[in-house]
Amino acid sequence: MKTPVILLACGCFNPATNMHLRMFEIARDFLHRIEQYEVIGGIISPVHDGYGKKELEAATHRLNMIKLALQGNDWVKLSDWESKQETWTRTRQILQYHQNHLNAYLHTSDYNVDVNEEDLKWMPDNIRKRCGNKSVIVKLLCGADLLESFGTPGLWADEDIEDIVGQHGLVVITRSDINPSEFIYNSDLLTKYMFNITIVTEWIRNEISSTKIRRALRRSESVKYLIPDDVIEYIHKHSLYGSKKTKYLSPNDIFDTSTLIPSPSDNLMESPSPTNCLLICNNNLFNRNSRYDKMSIDTTESFKSHTQIPTIRHPGQAVKIITDYEGVHKMLPKEEELKIKVSLGDFKKRLGIKQSKSCASFDEIETQIKQSKEIVSLKECKSCDENLVKFIFTKHGIQVISDVETIV
Ligand SMILES: Nc1ncnc2c1ncn2[C@@H]1O[C@H](COP(=O)(O)OP(=O)(O)OP(=O)(O)O)[C@@H](O)[C@H]1O
Ligand SMILES: NC(=O)c1ccc[n+]([C@@H]2O[C@H](COP(=O)(O)O)[C@@H](O)[C@H]2O)c1
């Protein structure tokens, strides 16, 4: 007769990864294959905030992420008991708590009387029907690194280890280059209870760890297919782990060009993959006297600080900028975009200068502009098109195209 077991995984789940979920699947497959146990449920018990591990996110967030990760999982459940305690609780007590409640639930007829339904959400569905009077054992499911931590001086009490492996049992999933069999062999205590320790080899080796996920998020690298999509969305929504949205562009995204670079697969991009294109009318934006090769526009950010470019633009979208009379660089409003193309003659007309009167010099036009209180004017610019400079931000640098030269 197979023994019914519930697999309980303790840990930080900071955040929950696909590998945390895979552990349950791998363990269940193995236990069923050896035909000794029937796995009737799984429990994830995230550690208390008081555990104080570096970069540990608040339990509320970790719990929410586990809930999202478990959507659609019909046999692994979340237990928030541990995280709701006053302080950090030893793993042995966590196993005992769940074991005691399970025993009482299955074998005490009036168990439900004083128990809050919320506190039993970790209980497998229909457990009474499925197990009848059989005893269910809660086993600790862990990776080989947790088993190895048993050997860290002062971390685990011997009586706790003895209780965990003796009363409950361990299911250990291999991880990295840790050899759990050798670790057990080196420990008298573990060797004594090795009948109750099941080592499951993960043949599809997988080095996902929460630490690596946090690192990738911090660096704005993609964590897709390593953690569930809903968890990724949650992390970005709450800006957890110093995450910014992935630096890769999604065609429909409106994004900040200062943090985003185009994905190699972004089909919006044309060679040489411009991320932003600026049409600059008027050389005042950068002093005409300084050579282009002396220009110090090293980042989009520093470029923006010179101008009043709004931060959100679409890839490849042209922005027209002119310098107003005070010398302030401005984005051209849509309706002004057409006007920028007008010739000097058109300008004079717009400013109320008689068509017949020709302006001999730029100074003359300036005087007229001042009088007319036009907001947008062209300074030092005989014909805007003449001085049009196009900046294309590429992943290789900034390409500058003007009427006189093109440099990258
Ligand atoms: N890739 C993996 N292979 C095997 N076991 C794993 C793996 N990732 C996590 N585990 C196990 O999952 C349980 C919970 O782990 P925990 O939340 O501490 O995750 P972690 O990824 O090891 O975290 P961190 O990188 O922050 O130390 C532990 O028993 C751990 O050994
Ligand atoms: N003495 C103990 O019961 C003991 C000691 C160290 C870690 N743990 C548990 O191990 C789990 C994993 O911890 P780490 O992420 O530090 O490896 C946590 O749930 C933690 O509470 C228990």
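In listed order, ligands and their atoms are each counted from 1.
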- Message: Counting C-beta onward and ignoring hydrogens, is there a side-chain heavy-atom pair between Pro15 and Tyr241 closer than 4.5 Å?
- Response: yes
- Task: Starting from atom 18 (O) of ligand 1, find the nearest protein heavy-atom neighbour and note its residue, name and distance.
- Result: Cys12 N, 3.8 Å
- Looking at Leu141, Ile173, Val171, which one forms a side-chain contact (heavy atoms from CB on, under 4.5 Å) with Ile26? Ile173
- Query: Is there a nitrogen or oxygen of Cys10 sitting under 3.5 Å from a nitrogen or oxygen of ligand 1?
  - Reply: no
- Message: For a side-chain contact (heavy atoms from CB on, under 4.5 Å) check, start with the C-alpha distance between Thr89 and His48, then their side-chain angles and the critical distance, and finish with the verdict.
- Response: CA-CA 7 Å; Thr89 309; His48 191 273; 5.9 Å; no
- Have a look at Ile199 and tell me which of Ile184, Leu170, Leu147 forms a side-chain contact (heavy atoms from CB on, under 4.5 Å) with it. Ile184
- Message: Counting C-beta onward and ignoring hydrogens, is there a side-chain heavy-atom pair between Asp119 and Lys84 closer than 4.5 Å?
- Response: yes
- At what distance is the nearest protein heavy atom to atom 11 (C) of ligand 1, and which residue and atom is it? Met23 SD, 3.3 Å
- side-chain contact (heavy atoms from CB on, under 4.5 Å) with Trp88: of Arg90, Glu86, Gln85, only one passes, and it is Arg90
- Task: State the atoms of ligand 1, each with its element, that fall below the 4.0 Å cut-off from a heavy-atom position in Arg214.
- Result: 26 (O)
- Note on the structure: Taking only non-hydrogen atoms of Met19 and a 4.0 Å limit, the atoms of ligand 1 in range are 1 (N), 2 (C), 3 (N), 7 (C)
- Derivation and outcome, salt bridge (charged side-chain N to carboxylate O under 4.0 Å, His left out), residues Asp125 and Lys77: CA-CA 10 Å; Asp125 298 336; Lys77 295 183 183 261; 2.9 Å; yes
- Query: Which residue holds the protein heavy atom closest to atom 17 (O) of ligand 1, what is that atom called, and what is the gap in Å?
  - Reply: Phe13 N, 2.8 Å
- Nearest heavy-atom contact between Asn196 and Gly166 is ND2-O, 3.2 Å
Pick out the protein N or O atoms lying less than 3.5 Å from any N or O of ligand 2, and list each pair with its distance.
unit_1, atom_1, unit_2, atom_2, d
ligand 2, 1 (N), Leu155, O, 3.0
ligand 2, 3 (O), Thr91, N, 3.0
ligand 2, 13 (O), Tyr51, OH, 3.3
ligand 2, 15 (O), Lys53, NZ, 2.9
ligand 2, 16 (O), Tyr51, OH, 2.6
ligand 2, 16 (O), Lys53, NZ, 3.4
ligand 2, 19 (O), Gly11, N, 3.1
ligand 2, 21 (O), Trp88, NE1, 2.9

Side chains of residues 30-41: which donor-acceptor pairs under 3.5 Å do they make with residues two or more places apart or in other chains?
unit_1, atom_1, unit_2, atom_2, d
His32, NE2, Val39, N, 2.9

- Task: Please name all residues satisfying side-chain hydrogen bond (donor to acceptor under 3.5 Å, both in side chains) with Glu202, sequence neighbours left out, ordered by chain then number.
- Result: none
- Message: Would you compute the distance between atom CG of Leu8 and atom CD1 of Ile94 and round it to the nearest 0.5 angstrom?
- Response: 7.5 Å
- Task: Could you say whether the N/O atoms of Thr211 and ligand 1 ever approach to under 3.5 Å?
- Result: yes
- Which option, Ala9, Gly11, Gly143, Ser209, owns the non-hydrogen atom nearest atom 29 (O) of ligand 1? Gly143
- Task: Determine whether the side chains of Tyr193 and Glu162 contain a donor N or O and an acceptor N or O closer than 3.5 Å.
- Result: yes
- Message: Show the atoms of ligand 1 that are less than 4.0 angstrom away from any heavy atom in Lys53.
- Response: 27 (O)
- Query: Which protein non-hydrogen atom lies closest to atom 31 (O) of ligand 1, naming both residue and atom, and how far is it?
  - Reply: Asp145 OD1, 2.5 Å
- Query: With atoms numbered from 1 as shown, which atoms in ligand 1 lie under 4.0 angstrom from a non-hydrogen atom of Cys142?
  - Reply: 29 (O)
- Check each atom of ligand 1 against the heavy atoms of Asn206 and keep those under 4.0 Å away; list them by number with element. 1 (N)
- Message: Starting from atom 10 (N) of ligand 1, what is the nearest protein heavy atom, named by residue and atom, and what distance separates them?
- Response: Arg175 NH1, 3.5 Å
- Task: Give yes or no for whether the N/O distance cutoff of 3.5 Å, strictly under, is met between Glu207 and ligand 1.
- Result: no
- Message: For a quick check under 3.5 Å, do Ser45 and Trp81 share a side-chain donor-acceptor pair by atom type?
- Response: no
- Report yes or no: does a heavy atom of Lys212 sit under 4.0 Å from some atom of ligand 1? no
- Identify the closest protein heavy atom to atom 21 (O) of ligand 1: which residue and atom is it, and at what distance? Ser210 N, 2.9 Å
- Polar proximity ligand 1 side, His20 side, N/O cut 3.5 Å exclusive: yes
- Message: Applying side chain to side chain donor-acceptor pair (under 3.5 Å) as the test, list every pair that has at least one member in residues 2-12; sequence neighbours left out.
- Response: none
